[in-house]
Amino acid sequence: MTTVAQTHSTTGKPTPKPPSAAPGDLAQTLTRPPRSLWRDAWSRLIRNKAAVLGAIIILFFVFVAIFASSLAPHNPLQIHSGQGFLPPMWVEKSATGKAGTPEFPLGTDNLGRDVLSRVIYGARVSMVVGFIPTIIIVIVGVTIGLTAGYRGGAIDNLLMRITDIVYAFPDLLFFIIVMTALRNTAIGQFLNGLFLLFVALALVNWVGMARLVRGQVLALKERDFVLASQAVGSPHRRIMLRHILPNSLGVIIVAMAFLIPGAIITEAILGYLGLGLRPSTDPNDIFITSWGSLLLEGQAAINNQPWLLLAPAICVALVVLSFNFLGDGLRDALDPRLRE
Amino acid sequence: MTRYIIRRLLQAIPTLLGISILSFILISSAPGDPVTMRTFGDVRMTEEARQIMRRQLGLDQHPIAQYFTWMTGLSVRQGDQVAMMTNPRVTCGYVAALNVTVCDRGGGILRGDLGTSLNTRQPVWDRIVERMAATLELGVTSLLLSLIIGVPLGVLSAVYRGSAFDNFVRFFAVIFRAVPIFWMALLLIFFFSVYLGWLPTGGRQTVTLTQEFNLFDRIRHIILPALVLAFGGIAGFSRIMRTETLEVLHTDYIRTAQAKGLSPNNVWFVHAFRNALIPLMTVMGPAVVGVLGGAVVVETIFAWPGMGRLTVNAAFQQDYPVVLGAGMFFAVLTIIGYLLSDIFYAAVDPRVRFE
């Protein structure tokens with residue numbers, strides 16, 4: 001990769017001698033330690049303000065998701081009778097004629113459940129939906145993409161045909177069909193329906209990842225270092241895992257950064273359509289509600305309780321934008337040639 | 001060129017077959033017994049009558065045979081079974097040479113029959129056609145909007161590269177690309193419909209007794225959904241136009257045009273713009289596909305009576321023939337969209353044809 005070549009040329013450059021310095025100090029003062037591709041990328045990434053901000057926001061939401069049960073001021077399922085329809089604390093008189101209290105900072109829904117606590121628990125679902133399917137997609141997609149690109153032939157043809165099929169069928173329609181058709185089966189009820197969502201997301205998205213990796217492999221396969229490795233008789237497995245995979249990692253990481261927000265959006269849309277996570281009534285559940293479901297509840301009451309939409313909408317947008325900023329930053333950092 | 005088109009058409013066949021297999025697997029794995037669904041769970045039905053009906057529907061056959069029947073409308077059984085076929089609407093014949101009975105059940109995807117809606121008992125095709133106009137209206141409006149807004153933004157931000165305007169456009173392109181379409185829809189509904197009360201929250205027209213055509217009313221209804229659907233296109237088109245215009249501005253013929261002393265406006269908007277448009281045409285296929293996919297969401301949120309909403313509602317009502325019929329229709333449109341954009345690309349860039 002170009003970055004490797006650049007780093008080597010900077011470290012290997014003959015350094016001009018300052019006239020006053022003693023020869024012994026010179027090595028210490030003027031040579032830099034060799035920098036790996038990853039260090040190089042890291043230093044480019046942390047200079048990108050938008051990407052760093054995105055990463056901080058993502059870490060914040062990951063933190064909220066993990067410690068939701070300690071952070072939430074109330075139990076998200078607890079119904080505070082007589083305290084429904086409360087507006088956020090800064091509203092003095094809402095359309096429902098009630099004033100906000102600091103006890104419920106973002107107000108309550110029509111049943112008197114604390115909105116802030118529900119939003120905090122919603123972060124859990126979004127984070128899990130973002131990360132778990134992406135891990136499955138990367139494992140499956142990279143394995144198949146590597147094999148198809150390296151071996152070619154029938155498996156490659158099959159992959160390309162499957163890709164055509166998956167690209168032609170509208171994603172969302174596929175999710176809707178799968179979620180409605182299998183909703184009442186055992187798989188559909190596992191983890192309140194989240195498991196089925198993971199499977200559906202993985203089924204659609206592994207194809208894109210496989211195709212991406214395949215393209216990388218095809219390009220790398222012809223490069224000199226691969227030919228050299230083949231010439232000395234390295235086994236195919238070693239070439240794939242030691243030479244081709246590490247050189248494709250940058251592209252894979254960038255693709256991951258864009259897959260995660262895609263999955264979060266899909267969950268939010270499905271939740272909004274009433275097809276995502278089943279709203280739980282069991283306080284012992286880990287996953288209780290999702291931002292998509294909260295948006296659905298919010299839109300149903302858009303005329304007299306518009307504040308229900310506020311927090312989940314801001315959270316969805318923040319998280320999705322953060323991942324996009326981070327993804328853009330990673331792309332620029334890992335492959336500077338792609339920068340516009 | 002003809003050879004290229006034929007080759008691309010042939011390549012589309014396995015994709016279509018794959019989609020039909022996928023649809024068939026989905027339709028057959030859907031819960032609910034087809035006999036119970038068709039008889040509305042009539043408890044007076046005897047087991048014998050159920051078996052006869054299963055046979056008439058071909059449900060006793062191997063899944064592959066069922067797929068064949070679903071595609072062609074023909075069912076094939078071994079041996080001479082003409083006497084067993086009791087359904088008066090099905091014509092059967094015995095082919096002695098192969099020792100099989102072939103029945104023409106009518107319909108079949110290949111003959112353009114997508115089946116019958118379980119809910120309304122109408123042919124699926126009729127239900128799609130009655131919704132198609134609304135989807136087209138929305139889709140074409142939003143594509144036009146995204147071109148009218150996106151292309152000039154892209155060209156201007158290339159011409160004034162690095163200016164505040166350029167940064168502004170690029171910033172919003174990133175936002176529009178990232179923010180989910182349904183989020184945008186909720187935001188606009190909240191602001192323009194609920195807070196300001198200027199535009200309706202959904203629907204294609206105001207419901208009145210006479211339902212007569214009122215252009216002003218229709219425009220008021222289409223503004224928000226078309227705009228929401230156009231955001232992705234605006235972001236995409238402006239980005240492509242910016243990149244392409246920048247590229248074209250560095251070519252020799254632009255330098256020649258400038259050297260000839262043509263006015264900057266002439267150089268930018270006549271010489272550069274026309275050449276930068278070519279790559280834009282090639283992304284029209286994917287853009288159409290994006291609009292179709294987005295229509296599923298936007299139509300649901302804005303209660304727009306189009307194919308997307310039909311499909312989502314049918315999915316909720318577990319009306320699988322409608323869902324899959326519409327899904328396959330979407331898929332065919334997608335394939336046509338990609339095909340047209342590839343063919344156009346090959347027409348303007350001959351190198352593609354020889355790959």
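Throughout, a chain's letter reflects where its sequence line sits, starting with A, and its residues are numbered from 1.
The most heavy-atom pairs under 4.5 Å with chain B, out of L309(A), D328(A), V178(A), come from D328(A). For the set L187(B), I19(B), L292(B), the entry with the most heavy-atom pairs within less than 4.5 Å of chain A is I19(B). In terms of heavy-atom pairs under 4.5 angstrom with chain A, the leader among L186(B), L17(B), I175(B), I181(B) is L186(B). The choice from N324(A), V166(A), I264(A), D171(A) that makes the most heavy-atom pairs within less than 4.5 Å of chain B is N324(A).
Crowding of F195(A) atom CZ: a count of heavy atoms from other residues, nucleotides or ligands under 6.0 Å not exceeding 12. Within a 6.0 Å sphere centred on OH of Y160(B), other residues, nucleotides and ligands contribute 12 heavy atoms or fewer.
With a 4.5 Å cut-off on non-hydrogen atoms, L318(A) does not touch chain B at all. Neither the backbone nor the side chain of F323(A) has a heavy atom closer than 4.5 Å to any heavy atom of chain B. Contact annotation for S23(B): only side-chain heavy atoms (C-beta onward) come within less than 4.5 Å of a heavy atom of chain A. For L173(A), the part lying near chain B is the side chain, with the backbone staying farther off; criterion is any non-hydrogen pair under 4.5 Å. If you measure heavy-atom distances from L275(A) to chain B, the contacts under 4.5 Å come from the side chain alone. At a 4.5 Å heavy-atom cutoff, the contact between A268(A) and chain B is made by backbone and side-chain atoms alike.
Side-chain atoms of L324(B) and I177(A), non-hydrogen and from C-beta on, do get closer than 4.5 Å to each other. The closest side-chain heavy-atom distance from T300(B) to Y272(A) is not below 4.5 Å.
The one candidate from T311(B), V323(B), V296(B) that meets the side-chain contact (heavy atoms from CB on, under 4.5 Å) condition with I176(A) is V296(B).
Residue T15(B) comes nearest to I165(A) through the heavy atom pair O-CG1, 3.7 Å, listed as atom of the first residue, atom of the second, then distance.
Atom CG of D164(A) is separated from atom OG1 of T334(B) by 12.0 Å, given to the nearest 0.5 angstrom. Going from atom CZ of R161(A) over to atom CD of Q11(B) covers 6.0 Å, rounded to the nearest 0.5 Å.
The main-chain N or O of V316(A) is never found under 3.5 Å from a side-chain atom of W183(B) such that the two would form a donor-acceptor pair.
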